[in-house]
Participant: 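Below is a structure I'd like to ask you about.
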Protein chains: 2
Amino acid sequence: MSTTTAEQRRRMAKSEYDAYLSTCPSRQLLATLSDKWIVLALTALETQPLRYSELRRKIAGVSQKMLTQTLRALERDGLVERSVKISVPISVTYSMTPLGHSLLRVVAQLKSWAEDNIEEVRAAQNTFDARPPQGKL
Amino acid sequence: MSTTTAEQRRRMAKSEYDAYLSTCPSRQLLATLSDKWIVLALTALETQPLRYSELRRKIAGVSQKMLTQTLRALERDGLVERSVKISVPISVTYSMTPLGHSLLRVVAQLKSWAEDNIEEVRAAQNTFDARPPQGKL
DNA sequence: CAGGATCCGATCGGATACTG
DNA sequence: CAGTATCCGATCGGATCCTG
């Protein structure tokens, strides 16, 4: 029998999984999470639960297909909860789970970083694009 | 004509850019950054500069095409610096820029989160996949 | 060693049409 | 309202061959 607590096991997690390894399950999870729709959907639910139609309006330009697909993936991974309210018309609300909230703290930073540093990145891109082909530094 | 300084514009950045808007430049940047190879390449350079071949070994399973493509994108965005050492054979070293390091603090968390929470996510996936089709809650 | 170039199957993702 | 289903062009990304 094991005497380790869940907390102890959580602290050891770092040594067991390594996303640098192509066969490690964490690599696949990282691939799933590294998606702009995942980031936007999670951050959209940061402050309050939202309905499907509200999410679609908040995340401008997302197609119905991608929004549904993203929300299903998030639900399957235990990151958001889907609640169906039987009424006329039907109402479906999405909210963050505790697990999702822990990930939210990370992806929200990614979104903010993009918004805060886009100008500096663009400047770098312009410099890069303006240099002669095969530029010998 | 505008009288705002670059610094003033930078302080207003949060209110000027919004990744929720499909036409906002930060949306495209977020899409670029939301990539598993970007995350792995950046984190691989966290502690020290690495050569191309070293990166390829560290990031298991990455193809030559994707690694080159990823490094070019990171270089273009001003996140990593590429240094060519003329010798026989030639040596190319990649290192983090200050801008890249600020992003690293975020993406490293994403990688760690995947490694630390993969078990909980898998448990959620199993629960989700085991429920009957069209499960009426 | 550090790529560039090409081929090509697999997946992504938008548009459209339909449903309870 | 909240999806499902399908078509299909665009892009992704691995494999392979070639180069300074």
Side-chain angles (χ1 to χ4, degrees), chain A residues 22-23 27-28 30-41 44-45 49-76 80-95 128 132-137, chain B residues 21-23 27-28 30-41 44-45 49-76 80-95 128 131-137:
Chain A
S22 56
T23 55
R27 163 75 72 94
Q28 175 55 42
L30 177 61
T32 301
L33 301 180
S34 301
D35 180 273
K36 70 169 184 273
W37 300 127
I38 294 281
V39 172
L40 292 173
L45 297 172
L50 290 178
R51 295 174 55 177
Y52 183 86
S53 51
E54 295 173 321
L55 279 166
R56 200 165 170 194
R57 248 173 289 124
K58 184 161 188 173
I59 306 171
V62 68
S63 66
Q64 156 275 327
K65 175 181 174 179
M66 290 315 297
L67 181 55
T68 299
Q69 187 173 302
T70 300
L71 290 170
R72 285 288 174 282
L74 289 173
E75 184 192 7
R76 186 173 106 98
V80 306
E81 190 193 351
R82 178 173 178 270
S83 320
V84 181
K85 177 87 161 291
I86 307 298
S87 58
V88 182
I90 196 171
S91 167
V92 179
T93 303
Y94 294 88
S95 57
F128 185 93
Q134 320 309 333
K136 302 121 168 79
L137 287 184
Chain B
L21 306 178
S22 56
T23 56
R27 163 75 71 96
Q28 174 55 41
L30 177 62
T32 302
L33 302 179
S34 301
D35 180 275
K36 70 170 184 269
W37 299 127
I38 294 282
V39 172
L40 291 174
L45 297 172
L50 290 177
R51 295 174 54 178
Y52 183 86
S53 53
E54 295 174 321
L55 279 167
R56 204 170 167 190
R57 247 173 290 124
K58 183 160 187 173
I59 307 172
V62 68
S63 66
Q64 161 271 322
K65 175 181 175 179
M66 289 316 296
L67 181 55
T68 299
Q69 187 173 302
T70 301
L71 290 171
R72 285 289 174 281
L74 289 173
E75 185 193 6
R76 187 172 104 98
V80 305
E81 188 192 353
R82 179 172 178 269
S83 319
V84 181
K85 176 88 161 293
I86 307 297
S87 59
V88 182
I90 196 170
S91 168
V92 179
T93 304
Y94 293 89
S95 58
F128 184 93
R131 74 182 195 186
Q134 320 308 334
K136 302 122 169 79
L137 290 185

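Per chain, numbering begins at 1; letters A, B, ... match sequence-line order.
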Participant: Look at B/Tyr94 and C/dC1 and indicate whether a side-chain polar atom (N or O) is within less than 4.0 Å of OP1 or OP2.
Facilitator: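 No, no such contact exists.
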Participant: Within this structure, what is the CD1-to-P distance between A/Ile86 and D/dG3, rounded to whole angstrom?
Facilitator: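 The distance from CD1 of A/Ile86 to P of D/dG3 comes to 11 Å, rounded to the nearest Å.
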Participant: To the nearest angstrom, how far is A/Met66 atom CE from D/dA10 atom C1'?
Facilitator: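 In whole Å, D/dA10 C1' and A/Met66 CE are 14 Å from each other.
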Participant: NA contact type, A/Arg56, heavy-atom cut-off 4.0 Å: base, sugar-phosphate, or nothing?
Facilitator: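 A/Arg56: no heavy atom of the nucleic acid under 4.0 Å.
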Participant: Check whether any side-chain N or O of A/Arg51 sits under 4.0 Å from OP1 or OP2 of D/dC1, and answer yes or no.
Facilitator: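 Indeed not, no polar side-chain atom of A/Arg51 lies that close.
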Participant: Rounding to a whole Å, what distance do you find between B/Gln69:CD and D/dC12:C1'?
Facilitator: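 Rounded to whole Å, this separation is 8 Å.
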Participant: Just how far is it from atom CG of A/Leu40 to atom CG of A/Leu45, taken to the nearest 0.5 Å?
Facilitator: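 One gets 11.0 Å once the value is rounded to the nearest 0.5 Å.
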Participant: Should B/Ser53 be listed as having a side-chain N or O under 4.0 Å from OP1 or OP2 of C/dA2?
Facilitator: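 So the side chain of B/Ser53 is within the cut-off, an N or O lying under 4.0 Å from OP1 or OP2 of C/dA2.
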Participant: Taking NZ from A/Lys65 and C1' from D/dA2, how many angstroms apart are they, rounded to a whole number?
Facilitator: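 Computing the A/Lys65:NZ to D/dA2:C1' distance gives 17 Å.
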Participant: Starting at CG of A/Leu50 and ending at P of D/dG3, how long is that distance when rounded to a whole Å?
Facilitator: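 Taking atom P of D/dG3 as the reference, CG of A/Leu50 is at 13 Å.
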Participant: Rounded off to whole Å, could you give me the CD-to-P distance for the A/Gln28 and D/dG13 pair?
Facilitator: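 Whole-Å distance recorded here is 12 Å.
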Participant: Quick one: on DNA chain C, does B/Arg57 or A/Ile90 contact a more 5' nucleotide (nearest heavy atom)?
Facilitator: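 Comparing both residues, the 5'-ward one is B/Arg57.
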Participant: Show, in sequence, the C-alpha distance, side-chain angles and deciding distance for B/Arg131 and A/Glu75, and conclude whether the salt bridge (charged side-chain N to carboxylate O under 4.0 Å, His left out) test is met.
Facilitator: CA-CA 13 Å; B/Arg131 74 182 195 186; A/Glu75 184 192 7; 3.5 Å; yes
Participant: As a test of reading the structure: which of C/dG4, D/dT4, C/dG13 is closest to the side chain of B/Arg72, going by heavy atoms?
Facilitator: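 Of all the options, the side chain of B/Arg72 is nearest to C/dG4.
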Participant: Taking the six-membered ring of B/Tyr52 as reference, does the cationic atom of B/Arg56 (NZ for Lys, CZ for Arg) lie under 6.0 Å from its centre and within 45° of its axis?
Facilitator: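 No, B/Arg56 and B/Tyr52 do not form such a contact.
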Participant: Within this structure, what is the CD-to-C1' distance between B/Gln64 and D/dC18, rounded to whole angstrom?
Facilitator: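 After rounding, the reported distance stands at 11 Å.
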Participant: Quick check for you: to the nearest 0.5 Å, what is the distance between A/Arg27 atom CZ and B/Lys36 atom NZ?
Facilitator: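 A/Arg27 CZ to B/Lys36 NZ: 7.0 Å, rounded to 0.5 Å.
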Participant: Return the CG to CH2 distance between A/Leu30 and B/Trp37, rounded to the nearest 0.5 Å.
Facilitator: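 The CH2 atom of B/Trp37 is 9.5 Å from CG of A/Leu30, to the nearest 0.5 Å.
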Participant: Expressed in angstrom and rounded to an integer, what is the separation of A/Glu54 atom CD from D/dC1 atom C1'?
Facilitator: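 Distance, rounded to whole Å: 12 Å.
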